[in-house]
Amino acid sequence: MDVFSPLGWRDGVLHLLDQRRLPTEERWIECRDEAAVAEAIRDMTVRGAPAIGCTAAFGVALAALRAAESGAGGPELRRRVGAAADLLAAARPTAVNLFWALAEMRRPVADDPGHAAEELAARAVGIWRDDIARCVAIGRAGAALVPDGATILTHCNAGALATGGYGTALGVVRGAVEAKKRVRVLADETRPFLQGARLTAWELHRDGIEVLLIADGAAAWMMARGEVTCVVVGADRIAMNGDVANKIGTYGVALAAHEHGLPFYVAAPLSTFDPNCAHGGLIPIEERDPDEVRRIAGIAIAPAGVGALNPAFDVTPAKLVSAIITERGVVRPPFASLRNLLTDEGS
Ligand code: MRU
């Protein structure tokens, strides 16, 4: 399957599609060390939980390659890999895929520096490929929930751009299209960073999948008018009781779906589940620069000097989630079996 990915790995260099410039410009940047990768995650050149995880894995691999080039031996190489993982872990706090991927990369490496670096690069490629495979499996599992002729409302971008490729919520859309179902997508614009308008609309339009952009404030009214069949969103972290952290505004969409009796589905790989998090109240919520709210594309839309708050994520309580679509199939409430799902994954 030919899958579009927001990252590329060629000759020991990480290439990232600069998502801040979409949809007007398709520019790729090159990262040659862990500092550049950490900066790309922090400034949202790359974003979306699984994509952040894959990118961070390459950041660790780049640190190992640079260390091996400078002749660093086994213990020194391990020290530099650990330091790189610490640096990358500090880039963004909410998406647990970042910490999951770094844990995968921290596992012991060979003593021979050259071999160790190659081993870590291969591990990062493996994490990336595996993420695409997980998304395709999520798409197949989720397609069964989507009726022919459905209008799917989504929030933010949980598509190819947010993953190794193919997408989670948009993976379900792609899975339904591949199952020959007619679907169309209502994409919330997703203020303040506009991932829906800039990214979801871009990638669905590029793939010839019908997408209609709506203002965030229009979502509940679309539901009231009977124009929504179901909601499918991604996740940044899922707690063991089924509470879901995702882009700010998701909680409001879930409340509206509940009020209108519409299914609210969360699509996510098991790398988004946090075994150390009992409930959503424990999930760290990133607070971003208030200027993202006060400005759009650099233009002020609020009076100079006015205060603003910019929580980047919210938590949707498990009671509003109709099902979680994973690469292992569809999990329905009560979500008591989530931990078992992860135990099986590790075995
Ligand atoms: O701030 P972002 O753009 O990284 O937030 C992304 C989201 O909230 C996505 O919905 C989530 O990461 C799932 S991506 C498959």
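Position 1 is the first residue of the sequence, and the numbers go up from there. Counting starts at 1 for both ligands and their atoms, in listed order.
- The N/O atoms of Ala162, backbone and side chain alike, include none that comes under 3.5 Å of an N/O atom in ligand 1.
- Under 4.0 Å from ligand 1, not a single heavy atom of Phe193 appears.
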CA sep, side-chain torsions, deciding dist, call: Glu203, Arg174, salt bridge (Lys or Arg N to Asp or Glu O under 4.0 Å): CA-CA 11 Å; Glu203 69 167 85; Arg174 292 194 167 94; 2.8 Å; yes

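- The heavy atom nearest to atom 11 (C) of ligand 1, considering only Thr94, Leu199, Asp236, is found in Asp236.
- The shortest contact between atom 15 (C) of ligand 1 and any protein heavy atom is with Thr168 OG1, 3.1 Å.
- In this structure, atom 10 (O) of ligand 1 lies nearest to the protein heavy atom Asn246 OD1, 2.6 Å.
- Ligand 1 has Ala235 within reach: a non-hydrogen atom of the residue lies less than 4.0 Å from it.
- A salt bridge links Asp148 to Arg182: one of the charged nitrogens lies within less than 4.0 Å of a carboxylate oxygen.
- Counting protein heavy atoms only, atom 12 (O) of ligand 1 is closest to Ala49 N, 2.9 Å.
- Under the 4.5 Å side-chain heavy-atom criterion for Ile, Leu, Val, Met, Phe, Trp and Tyr, Val253 and Phe193 are members of distinct hydrophobic clusters.
- Backbone and side-chain nitrogen or oxygen atoms of Thr163 are examined, and none is located within less than 3.5 angstrom of a nitrogen or oxygen of ligand 1.
- Under a 4.0 Å heavy-atom criterion, Arg92 is in contact with ligand 1.
- Residue-level proximity to ligand 1 for Lys247 is carried by backbone and side chain together, each with a heavy atom below 4.0 angstrom.
- Polar contact with ligand 1: present for Gly48 (N/O pair, distance under 3.5 Å).
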Stepwise salt bridge (Lys or Arg N to Asp or Glu O under 4.0 Å) check, Arg237 with Asp274: CA-CA 6 Å; Arg237 195 184 293 230; Asp274 185 350; 2.7 Å; yes

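- If you chain together hydrophobic residues whose side chains sit under 4.5 Å apart, Ile127 and Ile138 never meet in one group.
- Counting heavy atoms closer than 4.0 Å to ligand 1, residue Asn157 contributes backbone atoms (N, CA, C, O) but none from C-beta onward.
- Arg294 has a carboxylate O that lies under 4.0 Å from a charged side-chain N of Asp291, or vice versa, which qualifies the two as a salt bridge.
- Contact annotation: Glu286 has no heavy atom less than 4.0 Å from any atom of ligand 1.
- Neither the backbone nor the side chain of His155 comes within contact range of ligand 1; no heavy atom lies under 4.0 Å.
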Check against salt bridge (Lys or Arg N to Asp or Glu O under 4.0 Å), Arg47 and Asp236: CA-CA 11 Å; Arg47 33 63 54 199; Asp236 283 82; over 6 Å; no

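- Taking a 4.0 Å cut-off on heavy atoms, Pro50 registers as neighbouring ligand 1.
- At a heavy-atom distance under 4.0 Å, atoms from both the backbone and the side chain of Ala158 approach ligand 1.
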